[in-house]
Amino acid sequence: MESYRRVADEVTAEIAAGRLRPGDRLPPQRDFARQRGIANSTVARVYAELNRRGLTVGEVGRGTFVRAAVRHSGPAFTEPGDSRVDLELNYPVVPEQPRLLADGIRSLLRPDVLLSSMRPVGAVGTPQARDAVAELLTHEEWRPDPARVLFAGNGRQAIAAAVAALVPPGGRLGVEELTYPVLKTIAGRLGVTLVPLTVDKDGLVPEAVAEAARKAPLKAIYLQPTLHNPLSVTMPAERRAELAELLGRLGVRAIEDTIWSFLSDDLPPLAALAPDHVIVIDSLSKRLAPGLTIGFAVVPEAAVAGMTAALHSGGWTPMRFALEAATTWMTDGVVRAVTRDKRREAMARQEIVARRLGGFTLRSDPRSYYCWWELPRPWRADTFVAAAARHGIAVTPAAAFAVGDYRAPNAVRLGLASPPAGTLERALTTLAGLAVSSPEDLLVE
């Protein structure tokens, strides 16, 4: 074996054993040659071989670093398979995103700046962060007051804090009859009763809120008026105005989840129409990535103290480094650049859906990263999910989104963001073939 390959194998083994970890910097080539007792020319070939194997990456002016682990397992479309195409989790990533994010936080790694970022920070964040969020969420018809912006570690924590601040244990929280599944978990842990509210083609029905409030007091409602998950419905302006008026008349507050609204800025949030009755919840998890996120809330003045207390008592306040990084990404244009790319990518993926599933009954939006598929007879959602899993494809049944006694339809939600576009197209082709077959075919060996 040539000497450079032997040394490359040794380094590969160190990486596999965890002695060299992702992000570790390899020594400069001259130092590496001295440590290993080999020629400088040999080291150059070693580093080139490690790069060819995908184990390292070179950065001009900085050196050679161990790469993060790359998943090489491909998708499976036949049974059995150890890997799967994930159409459940829905985290969009665009090609330029890692470089933009890395460039944005480079200044935070200076020792003096990093020292400052180690200090704790509370729910109020920093003035710079509050201004950045206010600017990010500004719509031509609405600009939040930076003084009313609060922070959490992520969007889920912000939602939990809002529920805890508005609804006491045993209290009733109105929610769309199909809703974000994590909300059900949050409500269960906080001892809050969820009340399903009717949804139609325009979103939450205001009369359903009024009817629920007549039966027993509603402490608050939770809704997603823009690109509702899982239905992709966006509530029109007239419906928003009607709902805003109803909230004021009933004295009921709303938790408005705008996590996906960065894909569609046609309408301002409900908070623009009822600023004293609506807590807006958002985060960077979908705009950027779940592991590089921060949650934030725009809170009515009368609710700031309660929301702040809930964030602190729940241990849901942000880490300062994450807050500083998020502030940098928001102010230097990274978030807006990534948002533009993700909007284009969402539309491209919806075109794939139209090509592969166009003959079926779907509910979606050209700007959305998911779609709602009402399955053809005789398929039931649970059977279809099982059949898809046998082909290595994970989808979410309607029951996961259903609240209370609401009877979920025979439908599944397809998350379009996670797999590569080619993988998504092949997966949808497989699912279309399943849908036109019969569940009894599963019994045929």
Side-chain angles (χ1 to χ4, degrees), residues 75-91 156 175-189 193-201 222 224 227-233 260 349 352-353 356-365 368-419 423-445:
F77 293 99
T78 58
E79 183 195 11
D82 295 328
S83 61
R84 67 174 189 169
V85 181
D86 195 338
L87 304 186
E88 291 184 303
L89 295 179
N90 214 21
Y91 297 121
R156 296 180 179 189
V175 296
E176 293 136 326
E177 57 197 3
L178 293 166
T179 194
Y180 177 40
V182 170
L183 180 70
K184 298 193 289 183
T185 302
I186 290 171
R189 290 179 177 177
T193 300
L194 296 183
V195 180
L197 304 173
T198 303
V199 174
D200 64 13
K201 63 180 181 61
Y222 165 91
Q224 306 165 77
L227 295 181
H228 175 275
N229 177 19
L231 300 176
S232 295
V233 172
W260 286 107
R349 287 169 182 256
I352 295 174
V353 172
R356 297 305 176 189
L357 301 179
F360 297 97
T361 303
L362 304 175
R363 298 177 68 178
S364 194
D365 185 293
S368 174
Y369 269 107
Y370 38 86
C371 71
W372 185 252
W373 185 3
E374 297 181 6
L375 298 168
R377 293 181 178 178
W379 282 103
R380 298 195 322 271
D382 55 349
T383 309
F384 189 81
V385 169
R390 294 182 68 179
H391 287 264
I393 305 169
V395 301
T396 309
F401 303 93
V403 177
D405 296 330
Y406 174 71
R407 184 174 181 179
N410 283 317
V412 294
R413 192 205 72 168
L414 305 179
L416 310 177
S418 297
T423 301
L424 173 65
E425 186 144 16
R426 293 192 297 274
L428 295 184
T429 300
T430 299
L431 294 178
L434 268 181
V436 298
S437 67
S438 168
E440 282 72 26
D441 293 341
L442 294 175
L443 302 177
V444 179
E445 295 296 335

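The chain is numbered in sequence order, starting from 1. Hydrogens, waters and symmetry mates play no part in the numbers below; they use all other heavy atoms, side chains included.
Proximity of a side-chain donor or acceptor of Trp379 to a complementary backbone N or O of Val436 within less than 3.5 Å is not detected. Panel note: side chain Thr361, backbone Pro376; no donor-acceptor pair is recorded below 3.5 Å. Side chain of Ser418 to main chain of Leu89: a donor-acceptor pair is present (N/O by atom type, distance under 3.5 Å, no hydrogens or angles). A donor-acceptor pair under 3.5 Å is formed between the side chain of Asn90 and the backbone N or O of Tyr369.
The side-chain contact (heavy atoms from CB on, under 4.5 Å) test applied to Ala432 returns Leu357, Phe360, not counting sequence neighbours.
Considering every non-hydrogen atom in both Leu424 and Pro419, the closest pair reads CB-CG, 4.1 Å. Taking each heavy atom of Leu431 and Phe384 in turn, the nearest pair found is O-CZ, 3.9 Å. Between Tyr370 and Pro230 the shortest heavy-atom distance is CD1-O, 3.7 Å.
Ser232 has its side chain out of reach of Cys371: every pair of non-hydrogen atoms, C-beta onward, lies at least 4.5 Å apart.
Of the N and O atoms on the side chains of Arg426 and Thr429, not one donor lies less than 3.5 Å from an acceptor on the other residue.
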Worksheet item: Under the side chain to side chain contact (heavy atoms under 4.5 Å, CB included) criterion, do Val233 and Arg363 qualify, and how do the steps go?
Response: CA-CA 8 Å; Val233 172; Arg363 298 177 68 178; 3.8 Å; yes

Practice prompt. List the steps and the verdict of side chain to side chain contact (heavy atoms under 4.5 Å, CB included) for Arg189 and Thr185.
Written response: CA-CA 6 Å; Arg189 290 179 177 177; Thr185 302; 3.9 Å; yes

Worksheet item: Stepwise, does the side chain to side chain contact (heavy atoms under 4.5 Å, CB included) test hold for Phe401 with Thr396?
Response: CA-CA 9 Å; Phe401 303 93; Thr396 309; 3.5 Å; yes

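To the nearest 0.5 angstrom, Trp373 atom CH2 is 7.5 Å from Leu428 atom CG. Remark: Ile393 CD1 to Thr430 OG1 distance equals 4.5 Å, nearest 0.5 Å. The CG atom of Asp86 sits 12.0 Å away from atom OG1 of Thr423, with the distance rounded to the nearest 0.5 Å.
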Show me the donor-acceptor pairs, under 3.5 Å and distance only, between side chains in residues 176-183 and residues at least two apart or in other chains.
| from | atom 1 | to | atom 2 | distance (Å) |
| --- | --- | --- | --- | --- |
| Glu176 | OE1 | Gln224 | N | 3.4 |
| Glu176 | OE2 | Gln224 | N | 3.2 |
| Glu177 | OE2 | Val199 | N | 3.2 |
| Tyr180 | OH | Arg156 | NE | 3.1 |

Let me check something: any side-chain donor-acceptor pairs from residues 404-417 under 3.5 Å, sequence neighbours excluded? List them with distances.
| from | atom 1 | to | atom 2 | distance (Å) |
| --- | --- | --- | --- | --- |
| Asn410 | OD1 | Ala381 | N | 3.3 |
| Arg413 | NH1 | Asn229 | OD1 | 2.9 |
| Arg413 | NH2 | Glu88 | O | 2.5 |

